[in-house]
Amino acid sequence: MELFILIVVLLILAESTILVLKNQKPLLVTNQKRKIYVDTSALMDPRLVAVAQTGFIGDDLIIPRSVIHELQLLADGKDHDKRLRARAGLDAVRELERVVFFNLTILDDALDHTPVDNRLLELAKSNHGLILTNDFNLKKVAATDHIDALNLNELALVLRNEYLPGEHEKVKIISVGSGQNQGVAYLKDGTMVVVDRASNKVGEEVEVEFQRLNQTASGTMMFAKLVSSGRTTNKTSKSSSSKTVKITKSVTKKPRKSSNK
């Protein structure tokens, strides 16, 4: 009997311990900042400073001295385009130092003959960090070493608008716009579409052609116009009329010449 009571007590203690552990915060510090090692290609991308200034990057950015040295070599090189981009990358280092959302560290690594890409991989692997790069091949190599890599091009691809000016799409006009003869519709992602001359199409599904995109901090708005269904009919009517003219020309006979000479 005492053994049975002891087993029941142990089961109750085990269950209560499991419940406490589930409700308890994890032992690992989840808000620990990651170490992100910045590549030359990322520094030469002007979007990096723009993204950093918005506050989306909250981790610790680390720029090895070898990366800055490579930018300096490119800035002194003969290639005009690379020279301009490298100088912009050096300016980006100073701009990133002024951003208050994260800590930027210039790491004094050895300036030996080790390639910069290999140095970044070594630093990221030994310090459990990530790599910020626009180099597609470097990201592939990092994946083979189980090193995570961030890519600004992938971020831009995710954030890009689904529709571009000149494309067609069917939308449903749900209300009248603030402008004269304007109708308002919404895309699947919630983007507002202002359609010209569609105020009388409320409740109807119409085909529109996107003309321009207005993207601000408050959201994205697209302006479009109705696709006229009369274009094809006009073309067919013109082609049919031209065929009629050809037929009439072939049917009409030339007048006979008079036989009197």
Side-chain angles (χ1 to χ4, degrees), residues 30-164 189 213 215 217 220:
T30 56
N31 60 350
Q32 185 177 2
K33 292 184 178 181
R34 302 177 298 178
K35 295 180 180 180
I36 301 179
Y37 294 88
V38 187
D39 182 27
T40 309
S41 61
L43 287 172
M44 291 192 298
D45 192 331
R47 297 173 297 183
L48 175 59
V49 176
V51 172
Q53 290 173 343
T54 61
F56 272 94
I57 301 177
D59 300 301
D60 293 332
L61 294 188
I62 302 172
I63 303 177
R65 185 69 64 179
S66 56
V67 171
I68 298 178
H69 181 64
E70 186 179 44
L71 285 175
Q72 183 182 356
L73 293 177
L74 292 174
D76 295 334
K78 297 181 180 180
D79 193 310
H80 177 70
D81 294 336
K82 288 184 178 180
R83 211 166 48 232
L84 293 178
R85 294 177 60 203
R87 290 173 183 173
L90 292 173
D91 293 335
V93 176
R94 294 196 298 269
E95 292 293 331
L96 291 172
E97 287 179 327
R98 299 189 183 101
V99 179
V100 298
F101 300 110
F102 52 81
N103 295 323
L104 179 67
T105 303
I106 306 297
L107 181 64
D108 288 325
D109 59 328
L111 298 178
D112 50 20
H113 296 289
T114 303
V116 177
D117 291 350
N118 294 348
R119 178 61 54 79
L120 286 168
L121 293 172
E122 292 174 1
L123 291 171
K125 190 171 185 178
S126 59
N127 296 288
H128 305 286
L130 298 82
I131 294 176
L132 176 59
T133 178
N134 282 352
D135 191 336
F136 181 78
N137 294 325
L138 178 57
K139 183 176 180 180
K140 289 291 186 182
V141 175
T144 60
D145 287 338
H146 305 286
I147 300 173
D148 293 331
L150 305 176
N151 192 309
L152 290 174
N153 293 326
E154 293 182 356
L155 177 62
L157 186 63
V158 172
L159 296 178
R160 79 175 185 89
N161 199 57
E162 187 176 357
Y163 298 98
L164 299 175
D189 59 358
L213 172 69
Q215 193 163 3
T220 303

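Numbers for residues simply follow the sequence, beginning at 1. Every value quoted in this text rests on a predicted model; they were computed, and no experiment measured them.
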Please report the interatomic distance [atom1]([X]) to [atom2]([Y]), rounded to the nearest 0.5 Å.
| X | Y | atom1 | atom2 | answer |
| --- | --- | --- | --- | --- |
| I106 | L61 | CD1 | CG | 9.5 Å |
| K82 | M44 | NZ | CE | 8.0 Å |
| R34 | L130 | CZ | CG | 5.0 Å |
| S66 | L107 | OG | CG | 8.0 Å |
| T144 | K139 | OG1 | NZ | 13.0 Å |
| L132 | I36 | CG | CD1 | 6.5 Å |

Does a side-chain heavy-atom distance below 4.5 Å link [X] with [Y]?
| X | Y | value |
| --- | --- | --- |
| L74 | R85 | no |
| N151 | N134 | yes |
| I147 | L120 | no |
| I63 | I68 | yes |

Determine whether L48 and V38 satisfy the following criterion, side chain to side chain contact (heavy atoms under 4.5 Å, CB included), listing intermediate values before the conclusion.
CA-CA 10 Å; L48 175 59; V38 187; 4.2 Å; yes
Could you go step by step and tell me if D117 and V141 meet the side chain to side chain contact (heavy atoms under 4.5 Å, CB included) rule?
CA-CA 10 Å; D117 291 350; V141 175; over 6 Å; no
Which pair of heavy atoms, one from [X] and one from [Y], lies closest together, and at what distance?
| X | Y | result |
| --- | --- | --- |
| T54 | A50 | CG2-O, 3.3 Å |
| P64 | Y37 | CG-CD2, 4.5 Å |
| A75 | A86 | N-CB, 3.5 Å |
| A124 | I131 | CB-CG1, 3.9 Å |
| N127 | K35 | O-CD, 4.1 Å |

Quick check against the 3.5 Å criterion: does R83 have a side-chain atom that pairs as donor or acceptor with the backbone of K78?
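Yes: the side chain of R83 pairs with the backbone of K78.
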Taking D39 for its side chain and T133 for its backbone only, find out whether a donor-acceptor pair lies under 3.5 Å.
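It does not hold such a pair.
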Residues that D109 engages under salt bridge (Lys or Arg N to Asp or Glu O under 4.0 Å), provided they are two or more places apart
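Salt bridge (Lys or Arg N to Asp or Glu O under 4.0 Å) check on D109 returns R119.
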Side chain to side chain donor-acceptor pair (under 3.5 Å) partners for N153, two or more places apart:
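Once residues adjacent in sequence are excluded, the partners of N153 under the side chain to side chain donor-acceptor pair (under 3.5 Å) criterion are R47.
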Please tabulate, one pair per line, all N/O donor-acceptor pairs under 3.5 Å involving side-chain atoms of residues 92-103, not counting sequence neighbours.
| unit_1 | atom_1 | unit_2 | atom_2 | d |
| --- | --- | --- | --- | --- |
| R94 | NH2 | D91 | OD1 | 2.3 |
| E95 | OE2 | R98 | NH1 | 3.2 |

